[in-house]
Amino acid sequence: MDVVENHSQSSNAAFIRKHAAPGRIGLSGGRDWINKAIRKAQAPLTNDGHRSLWSHAFVFSEQRLDGHWWVLESDLDLRYRQIRLGVQENRADRYFDDELFPNLAILDFGLDEAKIRQVQIAGLDLLSGLSSYSLSELVGTLFAMHSTRLRKRDNLLAKEGALYCSAMVQHCYAAAGVEFIPGVHGKNIAPQDIYDSVLPHRTHSLIRDLGISSLRRFAHEAGELLNTPVEDLL
């Protein structure tokens, strides 16, 4: 994986406008309680055991005549009076809020035009079919994170015609013959899995929230203090 780190001073809007392209994958890490819960639940998948940087995944569709980038995603959209659940198409500027979404990544798996088209068509098929967001499948994925054996099996709480965010992204990419984590069932794929995929890809990331809890940070700093020679403290 070729990682390109971006300075935290960059705005979300500038970051997205610079790196968005059709078929690329977007990841976000939010600060509200739902996003924090999803990030924390993925701790078994991270290398350091801390909460994940990521809570949501989506696919960049195209830049329209209105000049805006549009994304395809499966989401629980609670911002409006009418709650929207499932696969939907939104402007990418919903992720322009630097405070609400401190972490962003855009992943380029180097798809050619034919495969990009396959990804886009798969996403639009889900959109036209009104595929719903599956909370039960998300719970099933959270259970499976603790077992290599379960991750290779069908999602324990799978539902027909339903996909949560990263499972939707995997579904679209499967149409182009891409599996992010070979051997892991598509409906057990989490945002962290996509970020850590061993497949060749280029990652552009904007990270402001490392996901280390205050208690864990305090314990780490206290441990360093206890291991510091007395003469170095004087």
Side-chain angles (χ1 to χ4, degrees), residues 1-42 46-48 50-81 84 87-111 116 119-120 123 127 133 164-166 168-169 172-173 180 190-197 201-214 217:
M1 178 177 67
D2 185 8
V3 180
V4 180
E5 295 291 345
N6 288 265
H7 296 294
S8 60
Q9 288 79 8
S10 175
S11 70
N12 286 12
F15 175 77
I16 289 175
R17 288 172 181 144
K18 181 177 181 180
H19 298 294
R24 289 186 179 179
I25 296 171
L27 299 175
S28 66
R31 277 201 173 115
D32 63 67
W33 70 270
I34 295 178
N35 282 276
K36 283 185 175 180
I38 295 174
R39 291 174 63 186
K40 186 174 182 180
Q42 294 176 86
T46 65
N47 292 328
D48 57 11
H50 295 309
R51 71 185 66 181
S52 173
L53 298 171
W54 315 111
S55 53
H56 185 56
F58 49 91
V59 175
F60 285 93
S61 176
E62 59 183 343
Q63 190 174 28
R64 299 278 176 77
L65 293 175
D66 58 10
H68 292 273
W69 278 99
W70 287 73
V71 301
L72 289 162
E73 57 190 338
S74 185
D75 197 11
L76 289 166
D77 193 343
L78 308 178
R79 299 176 302 160
Y80 304 101
R81 292 181 180 179
R84 296 188 300 167
V87 176
Q88 51 197 264
E89 192 175 32
N90 297 302
R91 284 179 173 176
D93 56 11
R94 70 181 302 197
Y95 298 104
F96 283 6
D97 190 323
D98 298 356
E99 290 298 320
L100 190 59
F101 300 102
N103 297 342
L104 287 177
I106 295 178
L107 282 60
D108 177 9
F109 282 82
L111 303 184
I116 290 173
V119 169
Q120 292 171 320
L127 181 66
Y133 187 95
Y164 58 91
C165 66
S166 48
M168 189 219 82
V169 173
C172 294
Y173 263 65
F180 299 120
Q192 184 67 40
D193 288 320
I194 299 176
Y195 185 71
D196 287 339
S197 175
H201 67 281
R202 190 173 181 85
T203 299
H204 305 277
S205 56
L206 174 59
I207 300 171
R208 305 185 187 93
D209 181 0
L210 295 176
I212 302 176
S213 68
S214 299
R217 190 187 300 275

Participant: Taking side chain as C-beta onward, heavy atoms only, is Phe58 less than 4.5 Å from Asn90?
Facilitator: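 The answer is no; the side chains never approach within 4.5 Å.
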
Participant: Return the CD to CG distance between Glu99 and Asn12, rounded to the nearest 0.5 Å.
Facilitator: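 Going from CD on Glu99 over to CG on Asn12, the span is 9.5 Å.
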
Participant: So, for Arg31 and Asn35, which heavy atoms are closest and what is the spacing to 0.1 Å?
Facilitator: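 Shortest heavy-atom contact: N-CB, 4.3 Å.
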
Participant: If you define the side chain from C-beta out and look only at heavy atoms, does anything of Trp54 sit under 4.5 Å from Ile207?
Facilitator: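 Answer yes - side chains close enough.
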
Participant: Look only at the side chain of Asn103 and the backbone of Asp209, and say whether a donor-acceptor pair between them is shorter than 3.5 Å.
Facilitator: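 Checked: pair present.
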
Participant: Could you tell me which non-hydrogen atom of Trp69 sits nearest to which non-hydrogen atom of Ala20, and how far apart they are?
Facilitator: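 For Trp69 versus Ala20, the nearest heavy atoms are CZ2-O, 3.6 Å.
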
Participant: Between CZ of Arg94 and CD of Glu73, what distance do you get to the nearest 0.5 Å?
Facilitator: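 Rounded to the nearest 0.5 Å, the CZ-CD separation comes out at 4.0 Å.
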
Participant: Please report the shortest heavy-atom distance between Ile38 and Ser55, naming the atom on each side.
Facilitator: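 That would be CG2-O, 3.7 Å.
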
Participant: For the atom pair OG (Ser10) and CZ (Arg208), what is the distance rounded to the nearest 0.5 Å?
Facilitator: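 Rounded to the nearest 0.5 Å, the OG-CZ separation comes to 7.0 Å.
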
Participant: Looking at every heavy atom in both Ser166 and Ala190, which two are closest together, and how far apart are they?
Facilitator: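 Heavy-atom minimum between the residues: OG-CA, 3.4 Å.
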
Participant: Looking only at heavy atoms, what is the nearest atom pair of Ala92 and Ile16, with distance?
Facilitator: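 Heavy atoms of Ala92 and Ile16 come nearest at O-CD1, 4.0 Å.
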
Participant: Going from OG on Ser205 to NE2 on His19, what distance comes out if it is rounded to the nearest 0.5 angstrom?
Facilitator: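 Between atom OG of Ser205 and atom NE2 of His19 there are 9.0 Å.
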
Participant: Are any of the side-chain nitrogens in Asp108 or Arg202 under 4.0 Å away from the carboxylate oxygens of its partner?
Facilitator: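 So Asp108 does not pair with Arg202 through a salt bridge.
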
Participant: Is there a side-chain contact (heavy atoms from CB on, under 4.5 Å) between Ile25 and Phe180 once you walk through the steps?
Facilitator: CA-CA 12 Å; Ile25 296 171; Phe180 299 120; 3.4 Å; yes

Participant: Side chain of Gln42, backbone of Ser52: donor and acceptor closer than 3.5 Å?
Facilitator: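 The answer is no, because no donor-acceptor pair under 3.5 Å joins these two groups.
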
Participant: Roughly how far apart are His56 NE2 and Leu104 CG, rounded to 0.5 Å?
Facilitator: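 Taking NE2 in His56 and CG in Leu104, the distance rounds to 11.0 Å.
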
Participant: Report the C-alpha separation of Leu210 and His50 in whole Å, then their side-chain angles, then the decisive distance to 0.1 Å, and conclude whether the side-chain contact (heavy atoms from CB on, under 4.5 Å) test is met.
Facilitator: CA-CA 9 Å; Leu210 295 176; His50 295 309; over 6 Å; no

Participant: Quick check for you: to the nearest 0.5 Å, what is the distance between Leu206 atom CG and Asp98 atom CG?
Facilitator: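 Rounded to the nearest 0.5 Å, the CG-CG separation comes out at 7.5 Å.
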
Participant: Are the side chain of Asp93 and the backbone N or O of Phe96 linked by a donor-acceptor pair below 3.5 Å?
Facilitator: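 Flag not set: sc Asp93 to bb Phe96 has no pair under 3.5 Å.
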
Participant: Grab the two heavy atoms, one from Ser28 and one from Tyr95, that are nearest each other, plus how far apart they are.
Facilitator: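 It is OG-CE2, 3.9 Å.
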
Participant: Does the side chain of Ile116 reach to within under 4.5 Å of the side chain of Gln120, using non-hydrogen atoms?
Facilitator: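 Heavy-atom side-chain distance check passes, below 4.5 Å.
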
